[in-house]
**Q** 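Sharing a structure below in structure tokens format, with a few things to ask.
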Amino acid sequence: MAYKDPDDMVFGHAKFPVLEHWNVQFGAGYVVPEVKVAPEAGTERSKETLVKEMASIAEQAASRAVDIGLPAFMLEQEHVFQQTYHPDWGYACTLAQAEVLKKYYDEYGVRAALRQTVGDLRIEEKGGLRGSEYDNRIAETIEECCKAGASDIAAETMGGKSVLDYGVMRGDIRAILFGIGYLGSIDMEYFWTRAVNICSKYDTRPAGDTNCSGANTCMYVAGGLLGKDMSHTAAALARAISAARSLVAVECGATGPLKDCGYENTIIKAITGVPICQEGKNAVCAHADVMGNLTCQVVDCWSNESVFHREEMGGPTPAVWLQATGYESALMNTAIQTGNAKTLRDLYTFTDMYRDPQGTLLAYPNAFRVGKAIVEYGKDIYLRARAAALEASKVMMEAYEAKLLQLTRFELDTLRKYTSILESLPMEAEIFVDQCMREYPRKIPTFDPKSYGL
Amino acid sequence: MAYKDPDDMVFGHAKFPVLEHWNVQFGAGYVVPEVKVAPEAGTERSKETLVKEMASIAEQAASRAVDIGLPAFMLEQEHVFQQTYHPDWGYACTLAQAEVLKKYYDEYGVRAALRQTVGDLRIEEKGGLRGSEYDNRIAETIEECCKAGASDIAAETMGGKSVLDYGVMRGDIRAILFGIGYLGSIDMEYFWTRAVNICSKYDTRPAGDTNCSGANTCMYVAGGLLGKDMSHTAAALARAISAARSLVAVECGATGPLKDCGYENTIIKAITGVPICQEGKNAVCAHADVMGNLTCQVVDCWSNESVFHREEMGGPTPAVWLQATGYESALMNTAIQTGNAKTLRDLYTFTDMYRDPQGTLLAYPNAFRVGKAIVEYGKDIYLRARAAALEASKVMMEAYEAKLLQLTRFELDTLRKYTSILESLPMEAEIFVDQCMREYPRKIPTFDPKSYGL
Amino acid sequence: MAFSEWAKKADFDMMFKRYNVIIEGPAIKPEDDPDVKKVLPKDEPFKSLAMAVIFGDTEKAVQATKSALDMVSPLDVIEKGLAKGMDAVSALYAKGAYFLPDIMLSADAMTAAMAVAEQKLGRAREKKGTVVSFVAEGDPHDIGKNLVVMFLKANGFEAVDLGRDVPDKEVIEAVKKYKPVMLTGTALMTTTMTAFPRVAKALQEQGISVPVFGCGGGAVKRDFVESYDMGVYGVKAFHAPKLAEAALAGKSWKDLRKEYPKVVGEFVAEYADRM
Amino acid sequence: MAFSEWAKKADFDMMFKRYNVIIEGPAIKPEDDPDVKKVLPKDEPFKSLAMAVIFGDTEKAVQATKSALDMVSPLDVIEKGLAKGMDAVSALYAKGAYFLPDIMLSADAMTAAMAVAEQKLGRAREKKGTVVSFVAEGDPHDIGKNLVVMFLKANGFEAVDLGRDVPDKEVIEAVKKYKPVMLTGTALMTTTMTAFPRVAKALQEQGISVPVFGCGGGAVKRDFVESYDMGVYGVKAFHAPKLAEAALAGKSWKDLRKEYPKVVGEFVAEYADRM
Ligand code: B12
Ligand code: B12
Ligand code: SF4
Ligand code: SF4
Ligand SMILES: [Zn+2]
Ligand SMILES: [Zn+2]
Ligand SMILES: [Zn+2]
């Protein structure tokens with residue numbers, strides 16, 4: 001564990017800060033606001049139109065940063081298919097944004113970071129995850145983005161998705177554990193070893209990877225309090241498991257700041273001390289979650305998540321949303337500067353700690369506990385993922401029994417049932433994998449064991 | 001002054017809380033989130049389409065409130081022209097929203113308030129402010145909204161606009177003082193005596209009035225740090241003056257919660273103790289301001305300002321924006337419940353206190369000072385408005401001299417120049433009015449003295 | 001970390017409310033639910049068949065089917081027994097008493113039992129109709145599409161699942177081949193949903209008309225879908241079978257745009273102006 | 001209230017930066033600004049005329065005009081003197097060295113001085129062209145329109161100001177009457193901007209064509225304006241004279257849509273994809 005005591009964790013501070021060009025630090029004593037806007041529909045039709053779209057997003061964001069006095073910001077661009085599929089598009093789009101940020105940095109001294117999040121185009125059932133055309137193009141595009149001036153590279157890889165999806169639909173916690181915890185971890189190692197390698201040749205950080213395809217899928221399928229597709233306790237278990245999986249990128253050399261939608265990042269920060277991005281109450285136009293404040297608790301870079309690129313009454317969305325995350329970051333930075341960071345942190349946390357079981361799990365003292373459970377099993381990707389889920393279950397049951405966390409019958413039933421299934425799983429990875437391999441390849445047509453060296 | 005010490009003011013608490021139906025209290029120990037969405041273009045074409053639009057906004061907001069666990073919320077609808085011009089439209093639109101809120105209140109127990117903000121259709125140069133067709137229709141529509149179940153009525157009246165606009169364009173501080181402070185106050189008395197009277201017959205509160213047409217116009221014309229249309233110190237002076245003007249509604253019997261865009265509300269709360277709505281960092285899609293956090297400092301109802309009614313990736317805008325204000329309110333309510341309200345308040349304030357002179361002025365200890373300057377002159381609408389501006393000037397100069405507030409040459413020059421003009425103005429209202437009446441009717445063709453009984 | 005102290009003094013009701021817990025009535029057995037009662041057969045062997053589906057118990061469903069087949073016809077087993085169970089499950093899902101995995105398990109039980117009945121029947125029971133489903137080219141987001149396919153199957157439709165990242169051409173080929181009563185497209189990105197108007201146009205140009213082209217997914221919004229012919233904006237996956245049924249009953253895409261909330265039988269915020 | 005203590009320990013640079021203060025260069029006199037130098041006449045009496053306008057000094061401008069008229073023609077006074085001063089003011093505004101009230105005062109000085117010159121001339125100097133401006137029906141927001149009118153006037157256009165809350169019919173009548181080179185509409189609300197397409201359609205139906213119909217204001221966005229013929233989305237009020245000049249020079253609304261940033265001569269975020 002990078003931290004001895006969860007109380008040592010606070011927003012804007014990481015054990016291992018990261019420095020990127022144009023003078024931006026993450027985790028070095030201040031929170032950086034992030035903005036992210038998806039290209040307008042239709043701009044993907046040609047390289048030229050997409051490049052212009054990228055420049056326009058950058059320009060709109062940077063000019064607002066200056067207009068409201070933000071000391072620093074990060075611009076993230078999540079690649080659409082074409083940006084990653086054509087490495088030369090990836091290069092040109094990144095370059096266009098880098099030029100804008102550099103101009104503002106030179107003119108005003110505003111610190112600016114540029115994140116390129118490549119798209120994970122790989123499809124298990126179409127060529128597999130390794131060595132396919134899609135796979136090779138991703139590697140090429142990462143390199144082109146580095147060349148063009150990206151400050152860091154992130155991704156949201158999809159290893160284990162086929163099995164996870166099956167698990168979600170059937171409420172099969174073993175499939176969820178196998179999909180995210182085991183298969184996901186294997187693919188992460190493949191993907192990030194390579195990505196770290198490429199980035200190391202440039203002034204570009206290999207930032208990290210979120211389990212969007214797993215834990216976030218569960219969170220969005222679970223939905224709000226009235227959602228009827230997945231139990232919120234089950235989504236919380238998936239989240240705990242995902243921490244063991246997303247940790248792999250850091251083990252492979254990713255430095256952070258970890259990607260914004262990794263709600264598991266608090267756990268990974270507790271273990272490794274790398275800075276993290278997060279999203280929450282200023283990402284309402286993109287996602288609905290039930291913990292808008294809690295995710296601020298130990299954040300180093302505060303994001304809005306992708307929104308439509310269009311005009312609002314208050315200006316174009318890159319401006320408007322940077323203003324939203326910029327003001328929240330300013331509040332956190334004020335708390336840091338005045339010595340009130342821990343109080344504000346605890347208020348953020350407590351606001352959502354019992355709104356929903358997912359918040360209970362991720363509240364930083366509890367997240368810390370899950371982190372500890374993970375490291376106890378070292379590099380055993382199966383056992384540590386299982387331990388994470390079991391500790392998460394304990395956390396939620398304790399809160400429920402203390403009458404702090406209220407649960408519906410459905411939430412409580414699934415929690416109990418899944419816990420006992422998890423407890424009954426074998427203590428050796430080999431046996432577990434054996435069991436899974438007997439069942440899932442048969443039941444899930446899109447699952448390609450070769451993609452994981454199985 | 002309702003408060004002896006500015007430190008006694010804090011969000012969620014007002015000296016004189018207001019109770020509205022469906023069990024909503026303002027200023028009674030918790031902050032209520034507000035949401036407001038403008039009808040989609042084209043829905044104004046018929047009564048039927050507008051009524052449906054209103055119901056849909058209400059339904060989308062209420063269902064999200066429940067989905068993320070908000071204990072209470074306020075829905076505000078700022079009337080478009082047709083809603084106020086046709087009293088029967090006003091009735092039907094209000095009724096449609098009231099029915100939705102009542103349904104959710106009955107089914108889930110979620111507290112809900114419904115504000116109807118009538119449009120001030122009156123045009124000085126077309127029939128004048130008093131007794132014109134437009135004027136009469138406003139009164140009728142207020143009554144219809146009360147009948148249909150509005151929880152409260154608000155407005156953004158435009159008295160003094162003609163002269164104010166002239167003042168803004170020429171940088172004429174005397175015209176600004178005359179327009180907002182003198183003419184504005186006269187019209188407020190006319191408008192609100194009547195509105196209070198109508199509301200008193202129903203279970204509907206007369207909430208209050210913001211100086212959108214004056215101080216906000218200045219604020220938006222001033223724009224961001226790089227704006228080049230109006231000095232930010234001048235906009236701050238206009239704001240101080242507007243407090244003396246917006247106070248009139250309360251003197252006429254308005255109870256609050258005062259309207260969200262009244263950035264002068266902190267001053268009025270200090271004087272009168274009524275609860276207030278405010279907007280700021282969650283209103284980015286509507287307005288760009290330079291004090292997104294500060295406006296939370298003593299708020300009782302936290303708003304998003306009007307946005308387009310459309311779909312975001314995270315849902316329809318009524319849902320999305322209620323989530324944004326709902327989460328910020330939840331943070332404040334957590335601070336209240338855990339005994340940290342004052343710390344959070346001060347963090348909000350300090351974040352923007354020196355970002356811009358407008359923030360310096362409105363920081364609650366300074367706002368309190370301006371309030372005191374106003375009450376010293378009792379009911380003399382001219383002298384108290386002038387005193388407010390002079391005290392505001394002092395506040396800004398002190399902060400500048402203490403090297404806390406940085407000013408550009410332009411900001412400093414205008415502040416000095418305007419202050420000396422204000423100082424040189426006569427100490428009797430009559431003389432001041434005389435001077436103004438000799439100049440402005442001649443120079444401003446749209447100014448109609450009869451509208452103010454002059 | 002003052003949480004335990006804070007928890008003692010804070011009134012949580014002022015911070016949040018778990019409405020899902022608040023509105024939860026007493027636990028009742030599925031078969032006691034009034035909406036289930038309406039569809040549940042009263043007589044044996046149908047009741048047991050339906051109940052096995054309701055509980056998502058594959059083994060029991062197969063067992064009950066086997067013994068029922070001694071008494072009644074395979075078609076009756078399916079239509080008066082198993083299918084009624086599935087109707088009950090849909091009702092429970094719609095009201096929030098059942099959740100997605102429950103439906104999946106029930107669908108599994110239904111499928112297994114039906115296989116037994118069809119074996120006796122000597123052929124597959126006729127499906128209500130065929131629907132083709134795809135995820136747009138360049139788009140990997142397929143959970144929504146998977147749900148659509150699942151709900152269609154559970155409701156007796158033949159659902160042809162083309163997968164994700166499907167080139168326009170393949171979609172058009174499939175429509176030619178299967179002549180579906182409905183085509184469904186899912187896209188979650190601004191830059192992939194542009195496939196829908198392309199596909200719609202290509203179909204028109206080739207003179208192929210599909211009664212309904214249901215389009216949905218994250219970034220897709222109603223005004224976008226209504227900007228090209230055939231498109232009907234789909235909000236929830238479980239609306240898909242209702243749309244398909246309406247199409248079978250002769251409704252056109254124009255009708256469905258206008259009557260969406262009526263067709264799916266519930267309040268739909270996205271169509272609030274057409275209620 | 002711990003503000004004074006906080007102020008001592010806080011590093012403000014981590015909370016905010018006042019970039020307007022940071023980038024402010026040393027105070028220079030307007031006449032020393034390089035862009036002003038480019039347009040400022042070197043010789044008297046023109047230099048004094050221009051300088052009086054630059055300083056927004058009505059008295060001096062009138063005075064200087066009176067004495068200049070003894071030496072040079074009224075037209076030269078206006079065109080080689082006063083107008084150059086106004087050009088300098090525009091340049092200073094565009095770069096942020098001058099602010100709105102400065103421009104207004106300069107415009108006042110210019111107007112007063114011009115009146116004197118025109119008196120000598122015996123007639124009003126010819127305006128560059130006529131522009132008609134209005135705020136849409138039901139909309140009281142008129143500051144943007146007022147700015148547009150002011151900038152047009154300051155740049156030598158005849159600006160017919162129809163006011164706010166103007167019925168469509170009045171707009172059309174005015175266009176018929178004045179045959180303007182440009183019509184400008186301002187609307188700040190979603191529910192009033194719908195006047196623009198109505199007006200555009202009515203004009204077309206009556207066979208009246210306006211080279212350019214510039215539309216702007218709060219809720220108005222480019223895609224909306226480009227959804228009807230003649231409309232050109234106007235971003236900043238001070239762009240209005242540049243658009244009018246381009247229209248005079250023969251550019252159509254189609255050209256202006258494409259070349260907006262070039263025409264107004266600066267980066268415009270709203271047109272970033274057309275730079
Ligand atoms: C989970 C998720 C992922 C997962 C998907 C896993 C999976 N198995 O599908 C993963 C990690 C793979 C992923 C990847 C990416 N994602 Co993603 N993802 C999401 C997320 C959070 C949820 C999507 C989801 O599964 N929702 C739940 C399902 C059930 O909903 P659904 O599909 O919409 O279906 C519902 C309805 O729409 C309806 N429906 C759907 N179709 C139809 C059809 C009919 C006929 C009917 C009736 C109904 C219907 O039924 C369902 C409800 O019952 C969304 C956020 C959002 N707001 O949508 C982003 C989102 C779609 N992703 C986004 C992005 C940017 C990406 C990436 C490009 C990021 C990157 N650069 O790496 C990559 C894709 C890379 C690539 N290959 O190009 C953006 C898209 C932005 C844009 N450009 O428009 C979104 C909108 C998030 C955001 N706000 O930024 N993502
Ligand atoms: C100040 C203001 C007011 C003032 C206006 C005072 C005045 N003298 O005009 C007052 C108080 C009167 C007012 C009233 C109302 N307002 Co108001 N108001 C505003 C506000 C804050 C600023 C507007 C402003 O003056 N901006 C500064 C000027 C300079 O900007 P501008 O006009 O857009 O012009 C610029 C450009 O657009 C451009 N431009 C404009 N036209 C043209 C044309 C050409 C050719 C070119 C090149 C350029 C160009 O030039 C200018 C820049 O250089 C806006 C917020 C916003 N985001 O716009 C809301 C806003 C317009 N108001 C709003 C509302 C709802 C109202 C009310 C209806 C509220 C109510 N119910 O009482 C009332 C109107 C009642 C009625 N009669 O119907 C909403 C509209 C929502 C909607 N439905 O679309 C807005 C958008 C705020 C919001 N987000 O909620 N308002
Ligand atoms: S969930 Fe949020 S983050 Fe993950 S892909 Fe999706 S959008 Fe990007
Ligand atoms: S400034 Fe904000 S509030 Fe005032 S009219 Fe305008 S919008 Fe309504
Ligand atoms: Zn993500
Ligand atoms: Zn993300
Ligand atoms: Zn307002």
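By convention in this document, chain letters (A, B, ...) are assigned in the order of the sequence lines, proteins followed by strands, and residues within each chain are numbered from 1.
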**Q** Checking heavy atoms, do the side chain of Y354(B), its backbone, both or neither come under 4.5 Å from chain D?
**A** both

**Q** Given a strict heavy-atom distance threshold of 4.5 Å, which part of L407(B) is in contact with chain D: side chain, backbone, both, or neither?
**A** both

**Q** So for D165(B), is it side chain, backbone, both, or neither that comes closer than 4.5 Å to the heavy atoms of chain D?
**A** side chain

**Q** Pick one of side chain, backbone, both or neither for A97(D), based on which atoms fall under 4.5 Å of a heavy atom in chain B.
**A** neither

**Q** With side chains defined as the heavy atoms from C-beta onward, is the minimum distance between V264(D) and L243(D) less than 4.5 Å?
**A** yes

**Q** I'd like to know which of M158(B), M230(B), E125(B) tops the heavy-atom pair count under 4.5 Å against chain D.
**A** E125(B)

**Q** Of all heavy-atom pairs between F12(D) and L404(B), which one has the smallest distance, and what is that distance?
**A** CE1-O, 3.7 Å

**Q** With a 4.5 angstrom heavy-atom cut-off, is it the side chain or the backbone of L347(B) that approaches chain D, or both, or neither?
**A** both

**Q** Side chain from CB out, backbone as N, CA, C, O: work out which of these in T351(B) comes under 4.5 Å of a heavy atom of chain D, or both, or neither.
**A** backbone

**Q** For a quick check under 3.5 Å, do T191(D) and Q82(B) share a side-chain donor-acceptor pair by atom type?
**A** no

**Q** Under a 4.5 Å heavy-atom cut-off, does chain D meet the side chain of V221(B), its backbone, both or neither?
**A** side chain

**Q** Parallel, tilted or perpendicular for Y134(B) and F81(B), by the 30°/60° rule?
**A** perpendicular

**Q** Using a cut-off of under 4.5 Å on heavy-atom pairs, state which of A94(D), G218(D), A10(D) scores highest against chain B.
**A** A94(D)

**Q** Which is it for E398(B) and R369(B) under the salt bridge (charged side-chain N to carboxylate O under 4.0 Å, His left out) test, yes or no, and what are the steps along the way?
**A** CA-CA 13 Å; E398(B) 284 171 19; R369(B) 280 176 56 180; 3.0 Å; yes

**Q** Under 4.5 Å from any heavy atom of chain D, what part of Y166(B) do you find: side chain, backbone, both or neither?
**A** neither

**Q** Kindly give the heavy-atom pair with the smallest separation between F196(D) and V220(D), and that separation in Å.
**A** CE1-CG2, 3.9 Å

**Q** In terms of heavy-atom proximity below 4.5 Å to chain B, should I22(D) be classed as side chain, backbone, both, or neither?
**A** neither

**Q** Measure across D346(B) and A2(D) and return the closest heavy-atom pair with its distance rounded to 0.1 Å.
**A** OD2-N, 4.0 Å

**Q** May I ask you to check whether over 12 heavy atoms, not counting those of E226(D), lie within 6.0 Å of atom CD?
**A** yes

**Q** Please classify the contact between A237(D) and chain B as side chain, backbone, both or neither, with a heavy-atom cut-off of under 4.5 Å.
**A** neither

**Q** Can you tell which part of K221(D) gets under 4.5 Å to a heavy atom of chain B, answering side chain, backbone, both or neither?
**A** side chain

**Q** So which of R355(B), K228(B), Q406(B), R122(B) has the biggest tally of heavy-atom pairs under 4.5 Å with chain D?
**A** K228(B)

**Q** Given the options E44(B), R409(B), R170(B), which has more heavy-atom pairs under 4.5 Å with chain D than any of the others?
**A** R409(B)

**Q** Strictly by modelled atom types, are T233(B) and T414(B) linked by a side-chain donor-acceptor pair under 3.5 Å?
**A** yes

**Q** Return the option, out of G144(D), G96(D), A27(D), G56(D), with the maximum number of heavy-atom pairs under 4.5 Å with chain B.
**A** A27(D)

**Q** Can E124(B) and S451(B) be counted as having a side-chain donor-acceptor contact under 3.5 angstrom?
**A** no

**Q** Just so I understand: if I count every heavy-atom pair under 4.5 Å between each of R45(B), E40(B), K161(B) and chain D, which residue has the most?
**A** K161(B)

**Q** Who wins among E24(D), M15(D), K17(D) for the most heavy-atom pairs under 4.5 Å with chain B?
**A** E24(D)

**Q** Supply the atom-to-atom distance E305(B) CD to E78(B) CD, rounded to the nearest 0.5 angstrom.
**A** 5.5 Å

**Q** When only pairs under 4.5 Å are counted, which of L147(D), I103(D), D142(D), D165(D) shares the most heavy-atom pairs with chain B?
**A** D165(D)

**Q** Between D172(B) and chain D, with a heavy-atom cut-off of 4.5 Å, which part of the residue counts as in contact: side chain, backbone, both or neither?
**A** neither

**Q** With a 4.5 angstrom heavy-atom cut-off, is it the side chain or the backbone of K342(B) that approaches chain D, or both, or neither?
**A** neither

**Q** Can you see which heavy atom on M193(D) is nearest to which on A219(D), and at what distance?
**A** SD-O, 3.7 Å

**Q** Is there a donor in the side chain of Y98(D) and an acceptor in the side chain of D33(D), or the other way round, less than 3.5 Å apart?
**A** no

**Q** Indicate yes or no: at least one non-hydrogen side-chain atom of N146(D) is less than 4.5 angstrom from one of D161(D).
**A** yes

**Q** Quick one: pull up NE2 in H86(B) and NE2 in H79(B) and give me the separation to the nearest 0.5 Å.
**A** 12.5 Å

**Q** Which atoms of M189(D) come close to chain B, meaning under 4.5 Å heavy atom to heavy atom: side chain ones, backbone ones, both, or neither?
**A** side chain

**Q** Which one of I23(D), D108(D), D102(D), L105(D) has the most heavy-atom pairs closer than 4.5 Å to chain B?
**A** D108(D)

**Q** Side chain, backbone, both or neither: which part of T446(B) has a heavy atom under 4.5 Å from chain D?
**A** neither

**Q** Heavy-atom distances under 4.5 Å only: say whether D139(D) touches chain B with side chain, backbone, both or neither.
**A** neither

